[in-house]
Each structure stands twice: as C-alpha cells, then as structure tokens.
Amino acid sequence: MVNGISVPLLMAAVVAIAAVSLHVYTMEVWIWPKLKDEGFPSFPFGPPSAVKGFYRIVWHFFTVNWLMTIVVCFAVAFGSLIPYGILLVQFLIIFWLLIVLEIFIVRAISLLPGESYIQSMIKAFQWVIILVMVFFMYWGTRPDLFHGAR
C-alpha cells in the first residue's frame, strides 16, 4: 500500500488491460477476417452468417470479464470505493483460476494424435498472463505477503 492505494491491484489492472487488448486484437485482426461464412453451419435461428456472429458475441462475453476485472481492481485499489471489495477480488481470483483450469482441460481433450500437450501449452501462453494477474490480485488482498505480518 502506498498512501492507501494498493499497488499490486493496480498492477493486476495493468496486466488485465494488456490482456484484454491482446484478446480483442486477436479476434478482430487475426481471427475474424479469416473466418468465412461457409465454415459455419446454419441453425434454426439463422444462416451460417448468424452462427459466425454468435461466435464473435461469445468471444466478447469474455472481453466483458476482462473489463469488469479491470474496473474492480482499480476501484478496490483506491481504497473503500466498493464495500467488501477484497471479497470481490478474492472471488475474481477463484474465477480466473477456474478459467486457467478450463484452458488446461479443454486443450487436453482437444489434442490431436501425436501432438504434445506441453508444447501446445507453451505455444498458447494466455494462461500465464492470467496467472500473473491472479498473483497481483492475491498480493493486493494480502498486503503483508512480502512485508511480513505487522
């Protein structure tokens, strides 16, 4: 804490800002332009283009998770703006750890024959960014973590 401001929570917010920027950039620049309507099935609510649109919407549901994490980290970092803010941050820590677990499980069950799990997890490094953010969030909820009990 510096003048009542939680620096670790601010650092978590900065990591989250970098992560959401990469998340949005990945979809809008690397993935979306390469997706073709014919790569998606039609369904009762619309043609393949509608399914493609749902794919984008679901991707950006995750963007909202990042944005809310940023808002909470900033708000809690600056003191008591949110009652029980530390509990909210602790909830987000659990949420993001479950996301990392999901990344590991989904990758494991989607491996093709001959693929290396370890190499695929090194190549898809987004889980590391989440763990760095979670570390700062945890540190922000435990200010005595690196300074000993006072």
Side-chain angles (χ1 to χ4, degrees), residues 1-35 39-41 43 50-150:
M1 287 264 191
V2 177
N3 296 327
I5 298 171
S6 174
V7 175
L9 287 178
L10 289 179
M11 292 166 59
V14 168
V15 171
I17 289 168
V20 75
S21 300
L22 182 60
H23 176 76
V24 170
Y25 182 84
T26 299
M27 177 59 162
E28 299 302 328
V29 175
W30 291 342
I31 297 173
W32 187 255
K34 295 176 183 172
L35 295 177
F40 292 88
F43 72 136
V51 177
K52 180 181 167 188
F54 281 133
Y55 182 81
R56 185 182 210 170
I57 289 168
V58 170
W59 181 277
H60 287 306
F61 283 169
F62 197 64
T63 304
V64 173
N65 293 334
W66 283 112
L67 295 174
M68 290 309 300
T69 300
I70 293 164
V71 168
V72 168
C73 285
F74 272 128
V76 176
F78 287 103
S80 58
L81 294 177
I82 299 177
Y84 305 106
I86 295 298
L87 288 175
L88 190 52
V89 172
Q90 289 169 338
F91 170 81
L92 286 172
I93 289 170
I94 293 167
F95 171 81
W96 286 108
L97 288 175
L98 289 173
I99 293 291
V100 170
L101 181 64
E102 176 188 13
I103 290 168
F104 275 79
I105 291 170
V106 167
R107 185 61 194 139
I109 62 177
S110 63
L111 278 176
L112 297 174
E115 282 187 314
S116 166
Y117 181 74
I118 293 172
Q119 287 178 345
S120 69
M121 293 310 293
I122 291 170
K123 187 177 178 182
F125 64 93
Q126 58 272 58
W127 59 273
V128 175
I129 297 169
I130 296 171
L131 289 180
V132 169
M133 180 188 68
V134 164
F135 168 77
F136 285 126
M137 291 169 72
Y138 180 73
W139 183 9
T141 63
R142 303 282 312 267
D144 60 327
L145 189 62
F146 293 106
H147 299 293
R150 295 181 188 194

Can you tell me if [atom1] on [X] sees more than 12 non-hydrogen neighbours from other groups inside 6.0 Å?
X	atom1	value
I118	CD1	no
F43	CZ	yes
F54	CZ	no
E115	CD	yes

If every non-hydrogen atom of [X] is compared with every non-hydrogen atom of [Y], which pair is closest and at what distance?
X	Y	answer
A77	L10	CB-CD2, 3.7 Å
K52	L35	NZ-O, 3.1 Å
A13	C73	CB-CB, 3.9 Å
V15	I129	CG1-O, 3.7 Å

Looking at side-chain heavy atoms only, is the closest gap between [X] and [Y] below 4.5 Å?
X	Y	result
W139	V7	no
I130	I103	yes
M11	V132	no
V51	P41	yes
L9	F136	no
M27	T63	no
L97	L131	yes
R56	E28	yes

Task: Whether W66 and F62 hold their rings parallel, tilted or perpendicular, with breakpoints at 30° and 60° - done: perpendicular
What is the distance from atom [atom1] of [X] to atom [atom2] of [Y], rounded to the nearest 0.5 Å?
X	Y	atom1	atom2	value
L98	I105	CG	CD1	9.5 Å
L87	I93	CG	CD1	10.5 Å
I17	M133	CD1	CE	11.5 Å
T69	F95	OG1	CZ	6.5 Å
F91	M137	CZ	CE	10.0 Å

TODO: Output every pair passing salt bridge (charged side-chain N to carboxylate O under 4.0 Å, His left out) with a member in residues 92-101, not counting sequence neighbours, ordered by first then second residue.
DONE: none
Task: Any donor-acceptor N/O pair, W127 side chain to F104 backbone, under 3.5 Å - done: no
TODO: Check ring pair (Phe, Tyr, Trp, His ring centres under 6.0 Å) between W59 and all other residues, then give those that pass, not counting sequence neighbours.
DONE: H23
Open item on the list: So, using salt bridge (charged side-chain N to carboxylate O under 4.0 Å, His left out) as the criterion, who are the partners of E102 when residues are at least two apart?
Closed with: none
